[in-house]
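In what follows, a single structure is set out as structure tokens and then discussed.
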Amino acid sequence: MASSSQFRYTQTPSKVVHLRNLPWECVEEELIDLCKRFGKIVNTKTNVGANRNQAFVEFGDVNQAISMVSYYASSSEPAQIRGKTVYIQYSNRHEIVNNQSPGEVFSAYGFVHKIATFEKAAGFQALVQFTDVDTALAARTALDGRSIPKYLLPEHVGSCNLRMSYSAHTDLNIKFQSHRSRDYTNPYLPVNQTAMDGSMQPALGADGKRVETQSNVLLALIENMQYAVTVDVLHTVFSAYGTVQKIAIFEKNGSTQALIQYSDISTATMAKEALEGHCIYDGGYCKLRLTYSRHTDLNVKAFSDKSRDYTLPDLSQLVGQKVPGVAAASGPTDGWPNGQVQTQYMGSSYMYPPADPTGAPPSSGHPPHYG
DNA sequence: AGCACA
């Protein structure tokens, strides 16, 4: 299959090389500095990929690209930019196409200096700073009332209609690069890693104040995940505080996260406060980091190994029949280091419905392991 | 650490 060839060890040489793991906001000059000694660079494309940390460099001749790829394939010193190792392979295309990319909706109208996004009661809002009023006016005129193209939106996001007006601000004060805010004029501004993870940790709003919008949906980051965390495990853990409606597990930036939906905010808040920082398993394994999701109603497959919709009828039979993790919990399971963990997992001494009528996190007998 | 476009 052609789509998998990009991961094969042997790739078809191309005069275009693909560079990944680039540092934040890596600029063309840095790419050129790295590549120019191998040949004539005829084109570049930066800020490629979901994280905008990939790029393409096109050489005038395929032999120049071969010399570069070959050099770093056998070099003891990896290619580096700003001290960060850069991985280089042939691109799976043979030329760079620099078409106008409305990838950034607002960049189509001029250089976007800074963006700050935040939640208000009226909805999601963003401040977008251009060079001058004329550019801002052009963007406003063109975009007000329109919607963001669907292909630019994440899955499960419906239409996003833009309502635009002039801000009272003239110069935004961006504290760090994150999924909420950007300063494109300052590539060395620190990256807020937790914010880049989309973990929705208390972030700075445009006014500089902490914002943490409550939600009936919790976002769980699972730290130190030595053992598999299944939908069923999460369902058991979070059902201690109320009826769980939906669960979705997904990978983001190499770590496992989950969304857990309750019917209301107060139940979610109880669960969040009770479970935050606690571990599903003894020994500090699978520690839960809980924040409020910006979702309020998950759009998940009713039944899969990564998601569940408990609001739909007749799933219990399916669950009993088809979920390996459920059956496995009562018997030997691949991947479990020993029987003791299983015993603890099934033994309700952890995050199963708390015996404690106060609803406090279940910690009986194992206080040292919580933290 | 993994491929642009619509």
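Bear in mind that the values here come from a model prediction, so they are computed numbers and not experimental data. Order of the sequence lines sets the chain letters (A, B, ...), proteins ahead of strands, with each chain counted from 1.
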Considering residues, nucleotides and ligands other than A:Lys84, do more than 12 of their heavy atoms fall under 6.0 Å from its NZ?
yes

Show your working on ring pair (Phe, Tyr, Trp, His ring centres under 6.0 Å) between A:Tyr184 and A:Phe111 and close with a plain yes or no.
CA-CA 9 Å; A:Tyr184 297 98; A:Phe111 178 58; 7.1 Å; no

Does A:Ser91 make a side-chain donor-acceptor contact with the base of B:dA4, cut-off 3.5 Å?
yes

Check the distance between [N]'s [atom2] and [X]'s [atom1] and give it to me in whole angstrom.
{"X": "A:His94", "N": "B:dC3", "atom1": "NE2", "atom2": "C1'", "answer": "12 Å"}
{"X": "A:Lys84", "N": "B:dA1", "atom1": "NZ", "atom2": "P", "answer": "7 Å"}
{"X": "A:Tyr90", "N": "B:dC3", "atom1": "OH", "atom2": "P", "answer": "19 Å"}
{"X": "A:Gln54", "N": "B:dA1", "atom1": "CD", "atom2": "C1'", "answer": "8 Å"}
{"X": "A:His18", "N": "B:dC5", "atom1": "NE2", "atom2": "P", "answer": "12 Å"}
{"X": "A:Asn43", "N": "B:dA4", "atom1": "CG", "atom2": "C1'", "answer": "11 Å"}
{"X": "A:Leu19", "N": "B:dA4", "atom1": "CG", "atom2": "C1'", "answer": "13 Å"}
{"X": "A:Ile81", "N": "B:dA1", "atom1": "CD1", "atom2": "P", "answer": "15 Å"}

Choose from B:dA4, B:dC3, B:dA1 the nucleotide whose nearest atom is closest to any side-chain atom of A:Tyr87.
B:dA1

Map A:Gly49 and A:Asn21 onto DNA chain B by nearest heavy atom, then report which one ends up closer to the 5' terminus.
A:Asn21

Side-chain donor/acceptor of A:Gln226 to backbone N/O of A:Tyr285, under 3.5 Å
no

For the side chain of A:Gln129 and the backbone of A:Lys114, is there at least one donor-acceptor N/O pair under 3.5 Å apart?
no

Using a 4.0 Å heavy-atom cut-off across all strands, classify A:Glu95 as base, sugar-phosphate, or nothing.
base

Examine B:dA4: is either OP1 or OP2 under 4.0 Å from a nitrogen or oxygen in the side chain of A:Arg93? Give yes or no.
yes

